[in-house]
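For reference, the structure discussed in these notes is given below.
These numbers come from a predicted model, not from an experiment. Worth knowing before you read on, the calculation uses all heavy atoms, side chains too, and leaves out hydrogens, waters and symmetry mates.
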Amino acid sequence: MDILNPAAVIGTNSWGGKLYGKALRGSYVTDEVILEAMKEAKRQDICLYDLARDYGLGKAQKMIGEFGTADILLSAKYTPFTHYKKECVRKSLEKDLKDFKRSYVEVYWLHLPTDIEAHLAEIASLYQEGKIKHVGVSNFTLEECKRSKAVLDKYGIPLYGVQNHYSLICRDWEKNGLLDWCKENGILFWGWAVLEEGLLTDPRLRKKSPMKFFFNRKVKKLTPLYKTMIKVAKRRDAKVPQIAMAYCAAKGVIPMCGCRKPEQVKDLAEAVRVKLTDEEIRRLETVADEAKVKIMGPDLFRPFVLKERR
C-alpha cells in the first residue's frame, strides 16, 4: 500500500481484552482471530493501521507489536489532555515505538488542537530525526488546520492529512469547506467512524451492544436511509455497510473502519472498489439529510480542547 494514496485504513479502537470487547463492543474477539484479520489485510493490500495509546484500554498497541510490524504501515497519535510540557510528545512517541518494536511510525497525528504551535514544533523535531515519516492533525477545524499547515511550512514539512469524523450522515467538514481545502492543498482526509458505531449497517442483521443501544433511539429516524442503502446494496451486489464505506471513498474520504475479523477486512477492501453513480450518491445524501440525525457530531472531542494560554 502507498502511504500517500491509501485506499482504506484499519482502525484498532475495538481491539483489546475480554472486558473491553464485551462491555463496549458486545463481543470479544481472540488475538488469534485478529492476527488472521491482519493476514487478510496483507492479502488485500490495506495493511495500514490506526492506533492510539488508549485504544483497547491500552492493549491495542502492545498487541500489534507482538503480532509484528515489519510489513505493515502504522499511524499513531499524541493526545494533549494537558497543556504543552517540554518533551511530552517525545516521551509519548518513545512509548509507542517501544510497543510497536519499531524505530519510526509512518504517520503521527496531533490528536487535539491544544497548544498547536508548541506541540507541532516538537513533532517537527521528531520528524527531522526520522522517527516520524508524515505529520497529520486530528479533530481540527478548518482554521486550525490552516494554522497547523502554516506552522509545519516553517519547518519545510508538508501537512500529510486531517483525520476527522465523517460519514453519510455527518458531512459537516464537506459543507464547511474543510474537505475542499484538503483536496486543493494535496492533503489527505481520513474519515473515522464512517459506520457511526455500527448504526450505518444492515438493521436486519445488526447485533446488540452497549454502544449501539446508546444510539438506538435514533434508529427509527434512519429507516428511510436504511431502505435506500439496502436498494443500492442489492443493485451493487454488496452489503449495506459497504455502501456507507463506498460513499466515503466516492467523496474523496479515506474510510477508517474497525476490523477485528478477516471477513471485516475483506468487506472494507471490497467496499472501496465499489463505484457509486452520481445519482446513487445524490439519492443517499438526500435521504440522509431528510433524516436529520446526528449520532456523534462532527467535533465530538471539542470539550477536551484546552483554551489557549494568554
Side-chain angles (χ1 to χ4, degrees), residues 3-9 11 13 48 50 52 75-80 106-117 119-120 123-124 134-155 157-197 200 244-257 272 276 278 281-282 284-286 288-289 291-308:
I3 191 65
L4 296 177
N5 188 32
V9 181
N13 196 17
L48 170 56
D50 183 68
S75 159
K77 308 181 185 76
Y78 176 74
T79 307
E106 274 74 21
V107 190
Y108 200 67
W109 309 82
L110 179 56
H111 205 187
L112 291 173
T114 293
D115 298 343
I116 292 173
E117 286 79 4
H119 283 116
L120 285 180
I123 289 175
H134 302 279
V135 180
V137 295
S138 179
N139 304 309
F140 280 45
T141 65
L142 174 56
E143 290 307 312
E144 290 162 349
C145 287
K146 290 179 178 180
R147 279 179 59 190
S148 300
K149 183 179 183 301
V151 172
L152 292 173
D153 283 346
K154 294 178 182 178
Y155 295 96
I157 300 173
L159 177 59
Y160 166 84
V162 175
Q163 185 183 137
N164 281 9
H165 177 35
Y166 183 94
S167 76
L168 180 54
I169 61 172
C170 184
R171 307 195 308 279
D172 302 63
W173 300 121
E174 177 184 357
K175 296 174 180 177
N176 65 21
L178 176 56
L179 188 55
D180 282 341
W181 179 82
C182 286
K183 292 176 181 178
E184 292 165 2
N185 287 277
I187 297 166
L188 299 180
F189 190 105
W190 290 20
W192 58 264
V194 299
L195 295 181
E196 294 286 356
E197 291 298 333
L200 292 185
M245 301 174 198
Y247 171 81
C248 291
K251 303 296 285 190
V253 173
I254 299 165
M256 304 171 62
C257 291
V272 295
L276 299 176
D278 290 343
I281 291 172
R282 282 194 293 270
L284 287 166
E285 290 179 341
T286 297
D289 288 344
K292 296 181 180 179
V293 170
K294 293 293 182 185
I295 303 299
M296 290 178 285
D299 207 3
L300 176 67
F301 297 105
R302 184 55 47 172
F304 297 100
V305 178
L306 302 181
K307 293 183 178 180
E308 291 192 38

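Closest approach of Ala7 and Pro255 over heavy atoms only: O-CD, 3.6 Å. Summarising the geometry of Pro158 relative to Leu152, their closest heavy-atom pair is O-CD1, 4.4 Å, with the distance given to 0.1 Å. The nearest pair of heavy atoms linking Leu276 to Ala246 is CD1-C, 4.0 Å. In terms of heavy atoms, Tyr166 sits closest to Gly191 at CB-CA, 4.2 Å. Heavy-atom minimum distance, Leu142 versus Gly177: CD2-C, 4.3 Å. Nearest heavy atoms, Pro80 versus Tyr78: CD-O, 3.4 Å.
A heavy-atom distance below 4.5 Å is not found between the side chains of Ile187 and Cys145. Between Trp190 and Val253, every side-chain heavy-atom pair lies at or beyond the 4.5 Å cut-off. In this structure, Asp299 and Trp173 have side chains that are in contact, with non-hydrogen atoms separated by less than 4.5 Å. Counting heavy atoms from C-beta on, the side chains of Cys170 and Glu196 come closer than 4.5 Å. Inter-residue side-chain proximity for Asn164 and Pro298 is flagged as unmet; no heavy-atom pair is nearer than 4.5 Å. At least one side-chain heavy atom of Pro113 sits under 4.5 Å from a side-chain heavy atom of Arg302.
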*Give the intermediate values and the outcome of side chain to side chain contact (heavy atoms under 4.5 Å, CB included) for residues Phe189 and Leu178.*
CA-CA 9 Å; Phe189 190 105; Leu178 176 56; 4.0 Å; yes
_Residue pair Glu184, Lys149: steps toward the salt bridge (charged side-chain N to carboxylate O under 4.0 Å, His left out) verdict_ = CA-CA 13 Å; Glu184 292 165 2; Lys149 183 179 183 301; over 6 Å; no
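To the nearest 0.5 angstrom, Glu106 atom CD is 8.0 Å from Leu48 atom CG. To the nearest 0.5 Å, atom CG of residue Leu4 and atom NE2 of residue His134 are 5.0 Å apart. Considering CG of Leu159 and OG of Ser148, their distance stands at 6.5 Å, rounded to 0.5 Å. In this structure, CG in Leu179 is found 12.0 Å from CG in Asp172, a value given to the nearest 0.5 Å. Note that the CG atom of Asp115 and the CG atom of Leu110 stand 9.5 Å from one another [nearest 0.5 Å]. Taking CD1 from Ile157 and CG from Leu120, the interatomic distance works out to 9.0 Å, rounded to the nearest 0.5 Å.
The aromatic rings of Trp109 and Tyr160 sit perpendicular, their planes meeting at an angle over 60°, well past the 30° parallel limit.
Heavy atoms from other residues, nucleotides or ligands lying under 6.0 Å from NZ of Lys154 number 12 at most.
Less than 6.0 angstrom separates the ring centroid of Trp192 from the ring centroid of Phe301.
Between Glu285 and Lys175, no side-chain nitrogen of the basic residue sits less than 4.0 Å from a carboxylate oxygen of the acidic one, so the salt-bridge criterion is not met. In this structure, Lys146 pairs ionically with Glu143, as a charged nitrogen and a carboxylate oxygen lie closer than 4.0 Å.
Using modelled atom types, no side-chain atom of Ser75 and backbone atom of Asp50 make a donor-acceptor pair closer than 3.5 Å. Distance alone, capped at 3.5 Å, is enough to place a donor-acceptor pair between the Lys294 side chain and the Ile169 backbone. Here the side chain of Asn139 pairs a donor or acceptor atom with the backbone of His111 at under 3.5 angstrom.
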